[in-house]
Amino acid sequence: MLRRTAMWAAMAIIVLLFFLSVYGAFIGPERAKKFFNSPVLGVYWVAFALLLAVGVVLFRRLLRVPALLLVHAGCIFILAGAIWGSETGRILQKRLFGIDIVPTGQMQIYEGYSDNRVILEDNEIRELPFHVRLKDFRLEYYEPEHIYIQTRQGDAAWEFPVEVGAEYQLGSGYGSIEILRVFENFRITIDGDSRAIIDEPGTGINAAIEVRMKKPDGRVFTRYVFERSRGNIYPDAELYMSYDRVVSDYVSELQVIRDGQVVAEKDIEVNHPLHFGGYHFYQHSYDAQAAQYTVLMVGPDTGLNSVYAGYLMLCIGAFWHFWLRKPPKSAPAGSVEQD
Amino acid sequence: MEIKYTIQGLLIYVTIAAYLLALLVSLLRRPRAGHILYVAGFVVAVVSFSYRWYHVRHVPMQNLFEVFLCLGMIYPVSVFCRRVLHIGGRSADMLIGAVVLVPAGFFFNAEPQKLPPALQSWLFAPHVAVYMISYIFMAKAASHALWQLAGRGPRDDGNLLPPEEATYRLICIGFPLLTLGLVLGSVWGKLAWGDYWGWDPKELWSLASWLVYVGYLHYRYMFGKRHPRVNSFWAITGVVVIVVTLLWVNLSRLFAGLHSYGSG
Ligand code: HEM
């Protein structure tokens with residue numbers, strides 16, 4: 001009887017989570033996060049973990065068949081880790097054990113500077129027990145970059161790789177185009193009457209290319225195509241030109257500094273965070289104007305080991321149980337009572 | 001809807017045609033000819049996928065177009081099911097193969113995209129691939145569930161499992177893969193976005209579809225084959241939720257979520 005009730009309770013709690021997930025999908029990530037972290041749902045998560053534990057105790061088969069034990073204990077580990085790492089979990093840890101963890105937030109660090117302040121979602125500022133220094137920040141682009149050219153009427157279009165010195169034919173009536181120079185940071189300096197066009201990389205981003213157009217009638221002129229001002233056109237020109245670069249990576253060269261010593265160092269990029277002192281540092285955003293600072297996302301790893309251990313157990317258990325065991329031709333109907 | 005006047009498009013249409021023809025011929029009780037056409041369709045599907053791979057120069061599983069292109073190579077699953085699991089339903093597989101290629105051929109944008117930084121991870125290909133394989137098994141399970149509800153099975157040469165059991169066996173194969181896909185997605189989320197769970201709609205739908213199968217497995221453990229129609233209902237619900245996970249969230253753009261770049 002007890003087993004049957006437990007089994008129905010398991011069904012109910014699983015089906016309930018199904019509906020809650022669907023509801024969560026409808027309300028969007030921010031509200032869903034709040035919803036699933038609310039006190040009522042907190043009770044639900046704890047109940048789920050307890051029910052799994054009760055199941056393992058009640059059903060001898062769950063203890064005796066290692067694969068099934070892995071699956072169910074794995075779920076307990078995941079839930080326990082998630083609860084421990086949640087906001088409520090952190091408050092409890094502070095009250096009970098005095099462990100003070102900085103929750104997830106952001107750090108903005110300029111090149112050559114170091115900082116330990118984390119700005120939380122509610123703009124509260126917390127400090128890490130160590131400093132993070134940004135040696136350098138850089139953007140990397142897919143090679144080759146491309147220039148796109150279109151006629152005013154839109155009846156012809158071209159796309160060419162940007163390679164200095166290359167000359168491309170546009171066909172009858174339009175002549176040719178030669179790539180003369182590529183600028184990382186295009187600047188015009190004015191000194192008295194003389195103007196000079198220079199490239200000043202490292203102080204900003206204003207990517208541009210200098211091209212030379214040769215018309216069939218022999219006219220030759222120079223044009224600048226800027227990444228920033230897409231679709232802009234010289235009033236007299238018969239061609240639209242645009243210069244697009246696709247970012248392939250954002251890289252922040254970081255150092256961790258404690259007591260004046262560099263204790264860790266890593267170039268982080270998307271998908272390759274730095275892990276130090278119980279926190280992960282992620283490439284999050286950057287200074288889009290001048291690439292002078294980076295924005296890191298910082299998050300504590302509380303409970304993560306438990307969650308990952310649970311994942312491993314769950315996966316091993318599931319493959320073991322369903323792939324390696326030869327299942328009975330039919331599951332023993334109603335075997336809940338007999339167990 | 002648009003017709004793709006490209007080599008890629010042509011390859012897709014040829015595959016669809018071969019699968020549909022294979023189905024037709026099989027239904028007209030010419031199983032050998034049907035089989036040959038099915039294999040021919042598969043070969044074209046492989047060429048089509050390889051062509052895409054060569055063209056975009058990364059594992060082509062980045063957007064819905066590529067994912068569905070991959071799903072079109074269903075033939076090995078048919079062979080595996082028949083030889084190893086004694087599960088039939090090859091004509092249903094031909095139909096599944098053709099149906100999954102229709103969105104790739106007519107609806108999704110095939111414009112190659114550069115891989116955005118978040119997708120550049122070793123976890124990317126396994127995460128998607130594992131999901132795709134499990135989806136195929138789950139779709140096949142649902143087709144057997146439909147047969148069960150209809151009260152008949154795939155044409156039997158005496159060696160095949162009845163539909164209800166076939167459904168169960170297929171879900172047993174697909175469930176660990178579904179679990180692994182969910183876990184890999186989560187670990188990747190941790191690496192890419194800093195959190196192993198972000199509560200975004202795509203994640204929640206995939207959790208929901210996983211839970212349907214968890215529910216099915218417990219239900220079938222409790223009642224065995226006593227309520228075969230209810231068992232079938234679970235299996236079909238699972239695939240409906242999978243389709244929602246795969247398509248609706250991306251296409252509807254109703255929710256602004258982390259996974260929005262996955263769209264066609
Ligand atoms: C998300 C949570 C859960 C997951 C992923 C899960 C997963 C599974 C799986 C994969 C099986 C094997 C089914 C089969 O052999 O066909 C199973 C069986 C079982 N589960 Fe769970 N389960 C969960 C929650 C629970 C809970 C809360 C209980 C508590 C009562 C429970 C009790 C059982 C029992 C008694 C069996 C039967 C074992 C046997 O084959 O003898 N499960 N579960």
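A, B, ... follow the sequence lines: proteins, then strands. Residue 1 opens every chain. It should be emphasised that the depicted structure is a prediction, and the values quoted were computed from it without experimental measurement.
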Greater than 12 external heavy atoms within 6.0 Å of [X]'s [atom1]:
X: B:I7; atom1: CD1; value: no
X: B:K4; atom1: NZ; value: yes
X: A:E159; atom1: CD; value: yes
X: A:F19; atom1: CZ; value: no
X: B:F233; atom1: CZ; value: no

Heavy-atom contact with chain A under 4.5 Å, split by part of B:L182: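 Neither part.
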Residue B:V241 versus chain A: region with a heavy atom under 4.5 Å: side chain
Interface residues of residues 301-313 of chain A facing chain B - non-hydrogen atoms under 4.5 Å apart: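 Hits under 4.5 Å: A:D301, A:L304, A:V307, A:Y308, A:Y311.
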Contact residues of residues 274-285 of chain A (partner chain B; heavy-atom separation under 4.5 angstrom):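 Near chain B, by residue number: A:H280, A:Y282.
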Looking at [X] and [Y], what are the two nearest heavy atoms and their distance?
X: A:A25; Y: B:W205; result: CB-NE1, 3.4 Å
X: B:Y196; Y: A:A82; result: OH-CA, 3.4 Å
X: B:L204; Y: A:A32; result: CD1-CB, 4.1 Å

For chain B, the option from A:G85, A:G317, A:A318 that forms the most heavy-atom pairs under 4.5 Å: A:A318
Residues B:M222, A:W8; criterion side-chain contact (heavy atoms from CB on, under 4.5 Å); working and verdict: CA-CA 9 Å; B:M222 285 168 78; A:W8 275 112; 3.5 Å; yes
Gap separating the [atom1] atom of [X] from the [atom2] atom of [Y], nearest 0.5 angstrom:
X: B:L217; Y: A:I14; atom1: CG; atom2: CD1; result: 9.0 Å
X: A:S21; Y: B:W210; atom1: OG; atom2: CH2; result: 10.5 Å
X: B:I173; Y: A:F322; atom1: CD1; atom2: CZ; result: 10.0 Å
X: B:Y219; Y: A:M7; atom1: OH; atom2: CE; result: 12.0 Å

Heavy-atom pairs under 4.5 Å with chain A, option from B:T179, B:V183, B:L123 with the top count: B:V183
Contact winner vs chain A - B:V212, B:I171, B:L177, B:L207, heavy-atom pairs under 4.5 Å: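 That would be B:L177.
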Check against side-chain contact (heavy atoms from CB on, under 4.5 Å), B:V214 and A:F18: CA-CA 10 Å; B:V214 174; A:F18 167 81; over 6 Å; no
Heavy-atom side-chain proximity of A:P29 to B:P201 below 4.5 angstrom: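 Contact flag for A:P29/B:P201 side chains = yes.
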